[in-house]
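To find a chain, count down the sequence lines: A is the first, B the second, and so on, and within it residues start at 1.
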Amino acid sequence: MSRVYADVIVDISQEKLDKTFQYEVPEALQKQAEIGKQVRISFGNGKRELTGYIVGLSGEAKIAPERIKPILKVEEKGMEIESRLISLAAWIAREYGSTMNQALKTVLPVKAKERTKEKRYLCLREKEETCAELLEEYKRKHYKAKERLLQALLENETLEYSDVTGRLKITASVIRSFREQGLVQVIRERDYRNPVAKRGEVQEVSPLKLTPLQEQVCEEIFQEWETPNPRPCLIKGVTGSGKTEVYMKLISHVLEQGQQVIVLIPEIALTYQNVSRFYRRFGNCVALINSRLSKGERFDQLEQAKKGEVSIVIGPRSALFTPFPNLGLILIDEEHEDSYKSEKTPCYHARETAICRGEMEGARVVLGSASPSVESYYKGKTGEYRLLYLEERYGASQLPEVSVVDLKEELKTGNRSVFSSLLTEKIRERLMKKEQVMLFLNRRGYTGFVSCRSCGHVMKCPHCDVSLTSHRNGKLICHYCGYETRDVKRCPICGSPYIGGFKAGTQQIEALVQKSFPGARVLRMDADTTKRKDDHERILAAFAKGEADILIGTQMIVKGHDFPNVTLVGVLAADLSLCSEDYRAAEKTFQLLLQAVGRAGRGNRPGEAVIQTYHPEHYSIQAAKSQNYEEFYEKEIQYRMLMEYPPAAAMAAIRGACENEELLKEAMSYCRKYLERIYPKEDLILIGPAPETVAKVQDSYKMVLYMRHKSRPALVRLKDALERYIAVNKGFQSIYIQFDFNV
DNA sequence: AGCACGCCGACT
DNA sequence: GTCGGCGTGCTC
């Protein structure tokens, strides 16, 4: 029997020790030892026995084997919450190709100081005379540290622990000896801050009345939950169909069973307005987590979750790791949003990870969206998810009327401005009627591609069917295969000189609006104007109050908020995202347009939308015009199947970064050669290596190599092999490689 | 976090 | 020489 070693993290409350330590698994315990399990170990010299968690298992000793101690015992008491989260981290590391440490940091972010947020104080326990005598003695004996501490304590009967170790530079050993003498006492005080803002009015709301359709959807979901292996449920419900009511009912149901609920909402939609209904309905068992919370506040929230003081946590992607003891439901709203995918390694996707956590902890998963991601809808159609439709709107709000303007035609008629004549006319109309207008500038996927303003031709790679990216050195580069060509001065199709990168920011648009519509009050919302924390909500509130006639903005204006007085939405250059090099370009474009268009006419006034584009015939634009998700999905899934993009196949990116460009190029091509050597079959498609869209960041060059294969496990195996290859090759030492299984 | 180790000033 | 405070570094 070969030896087995376990990587153990020492009891997490033992702060600073965020390293792992290797222990030997005695043969008798090998059956029990699994990732996530709690173990007893001896730690440090002498007899210090501690609790730790197994975070990894391996057959190799990383240090001299004689220094490795054995595990004393594997705890069998049902998996504690930490154990489950550690197992989840192990899954994340495996599935998304990160190290266990990276995964642990994602899953257990409550580390270091935030852990023991209880403040500690030193409190003097002796009479003043005794202390004065001692002080003299210390002075005489030149006990500097003791003198310093006692002096301070005489001046100030209680001191903050951190102040003592920090400002006074007193070490723990001095404090210990004081404590043993009975001179001081360490007082621990728990100070919970509660940012769940006692914002007042938590009135009990009478049980909801659901429409028959909502009722039916709930019933079907409960039915699914009764089955032995409930599938994730996907609710496709248009805005205004009352998805939230269904959510509420599901949540109540789970709470009644004594279980807890995690609700994920895209960060951008995490506004008080959006979550207030949860507070109103469920009162103070709701905790809100967002990126504005300080680490300490965040920790307190999670601690409350662990202790059962709250049962509903609402938050962005990271809230998925809330340590609930008996999780019953994970609800993901707006499941198609790409903020659910992490950009940092491990590049996990909250949807997949939620489903995994759900399986591990017996919690159910419900996804909701008006326009589901292609992957999810595909899984719904194929039965991997249970698909439910909630398609009727209540209230008589009608779909807005959408017109598509072909910008090529506009140019032919001599209109070179950013606003088509149709849009100009409609804006004028609204301004006269004192109604509001939103102008949406699609900047997503904007990476400096080059297009012709006469015919709309986009410079594309001859090998890859993706648009070429303009670089400062006067070259056009394909980021899939690395193909390079000289920048063009004239359109190769129609010869027009009006060819170039599309350069229009919200600022320019604002200036143009002011010029074309003098007197109109304009608000602008983009990265510039929303730098401070509350800018976002402030601008939206100002617009809602009618302090402006026109709101100009990027993606962020199309999410969430309802403005009843907005009756016109203008989409300037809808195709910016269409031309990005991403295979999801069409999907992202459609999603954005659908949302943008949906902003028009939320009140009882009919809304209108104008989409300006160079590709009026493209299916994503056409489907957005008719606001028909099915139409879009059918076209898109055909394209994905044909091209073998997800969900037809799995894709992974191998991203490399290095300060030395040549070295990086060489290393990345070695990766490719290695993969070709160990897997010489046709069904593995390798793309690249090529420079990343942003090819250099802080003096570090970036390159990416894509792998595509029918089966995801095959890609995972290739990744594992490549990882081992990289580990043993000296040439890779200065190169930072990360994997992304969620391109 | 807790503990050993070793440096260095003070006292016998 | 020896004692003991106090900083440093290690714990598989």
Side-chain angles (χ1 to χ4, degrees), chain A residues 2-27 29-30 33-35 37-75 82 86 99-101 104 108 110-122 131 134-153 160-181 183-188 299:
Chain A
S2 61
R3 279 168 191 270
V4 179
Y5 299 99
D7 296 316
V8 172
I9 63 173
V10 170
D11 192 9
I12 319 176
S13 58
Q14 244 44 86
E15 308 160 29
K16 279 185 194 161
L17 292 169
D18 57 351
K19 284 189 291 215
T20 64
F21 295 89
Q22 232 179 2
Y23 283 82
E24 196 192 326
V25 185
E27 238 172 83
L29 298 178
Q30 286 186 12
E34 290 168 32
I35 289 180
K37 283 275 180 73
Q38 247 189 54
V39 290
R40 296 292 289 175
I41 44 162
S42 119
F43 188 71
N45 276 349
K47 277 194 106 43
R48 198 147 90 100
E49 202 182 298
L50 291 177
T51 302
Y53 291 92
I54 300 182
V55 299
L57 291 163
S58 79
E60 285 164 66
K62 286 179 212 133
I63 57 163
E66 61 274 13
R67 285 172 61 203
I68 299 181
K69 295 185 198 169
I71 285 176
L72 303 175
K73 188 178 169 212
V74 178
E75 301 287 2
E82 269 87 2
I86 288 167
T99 65
M100 188 61 189
N101 270 353
L104 280 170
L108 309 169
V110 267
K111 265 288 171 64
K113 297 217 168 51
E114 284 72 57
R115 261 252 124 213
T116 345
K117 197 57 252 175
E118 47 187 14
K119 256 190 179 164
R120 286 182 299 177
Y121 299 93
L122 286 189
C131 291
L134 274 166
L135 189 64
E136 284 311 308
E137 187 190 329
Y138 292 154
K139 271 190 181 148
R140 197 157 32 79
K141 291 189 177 168
H142 295 98
Y143 292 180
K144 297 230 185 70
K146 286 188 174 174
E147 186 195 324
R148 221 163 44 230
L149 177 56
L150 193 56
Q151 187 72 56
L153 279 166
E160 269 185 43
Y161 194 97
S162 55
D163 223 20
V164 174
T165 51
R167 192 171 52 83
L168 291 172
K169 288 206 192 328
I170 305 293
T171 53
S173 45
V174 176
I175 297 171
R176 190 167 5 102
S177 89
F178 266 38
R179 219 170 51 197
E180 278 161 13
Q181 276 180 65
L183 201 52
V184 296
Q185 194 179 13
V186 179
I187 309 237
R188 286 156 193 266
F299 172 76

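- A:Glu60 is linked by a salt bridge (charged side-chain N to carboxylate O under 4.0 Å, His left out) to nothing, counting only residues two or more places apart in sequence or in another chain.
- Between the NZ atom of A:Lys62 and the P atom of C:dC12 there is a distance of 14 Å, rounded to whole Å.
- The interatomic distance linking A:Asp7 (CG) with C:dT11 (C1') rounds to 15 Å, in whole Å.
- A:Glu66 places its CD atom 13 Å from the P atom of C:dT11, with the value rounded to the nearest Å.
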Expected rows: protein N/O vs nucleotides 7-10 of chain C N/O, under 3.5 Å:
none

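- The two residues A:Ile54 and A:Ala33 make their nearest non-hydrogen contact at CD1-CB, 3.9 Å.
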Where do A:Val39 and A:Leu72 land on the side chain to side chain contact (heavy atoms under 4.5 Å, CB included) test, with the steps shown first? CA-CA 7 Å; A:Val39 290; A:Leu72 303 175; over 6 Å; no
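- Residue contacts for A:Ile63: at a heavy-atom cut-off of 4.0 Å it reaches a base atom on one of the strands shown.
- Taking atom CD1 of A:Ile9 as the reference point, atom P of C:dT11 lies 18 Å away to the nearest angstrom.
- In this structure, A:Phe21 atom CZ and B:dG2 atom C1' are separated by 12 Å, rounded to whole Å.
- Residues A:Gln30 and A:Ser2 approach most closely at NE2-O, 3.8 Å, considering heavy atoms.
- Rounded to an integer number of Å, the gap from CZ of A:Phe43 to P of B:dA4 is 14 Å.
- What separates CG of A:Leu50 from C1' of B:dC3 is a distance of 12 Å, to the nearest Å.
- The interatomic distance linking A:Tyr53 (OH) with C:dC12 (C1') rounds to 19 Å, in whole Å.
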Starting from the C-alpha separation in whole Å, work towards a yes-or-no answer on side chain to side chain contact (heavy atoms under 4.5 Å, CB included) for A:Thr51 and A:Arg40. CA-CA 5 Å; A:Thr51 302; A:Arg40 296 292 289 175; 2.5 Å; yes
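- Between A:Tyr5 and A:Ile68, the closest side-chain pair of non-hydrogen atoms falls below 4.5 Å.
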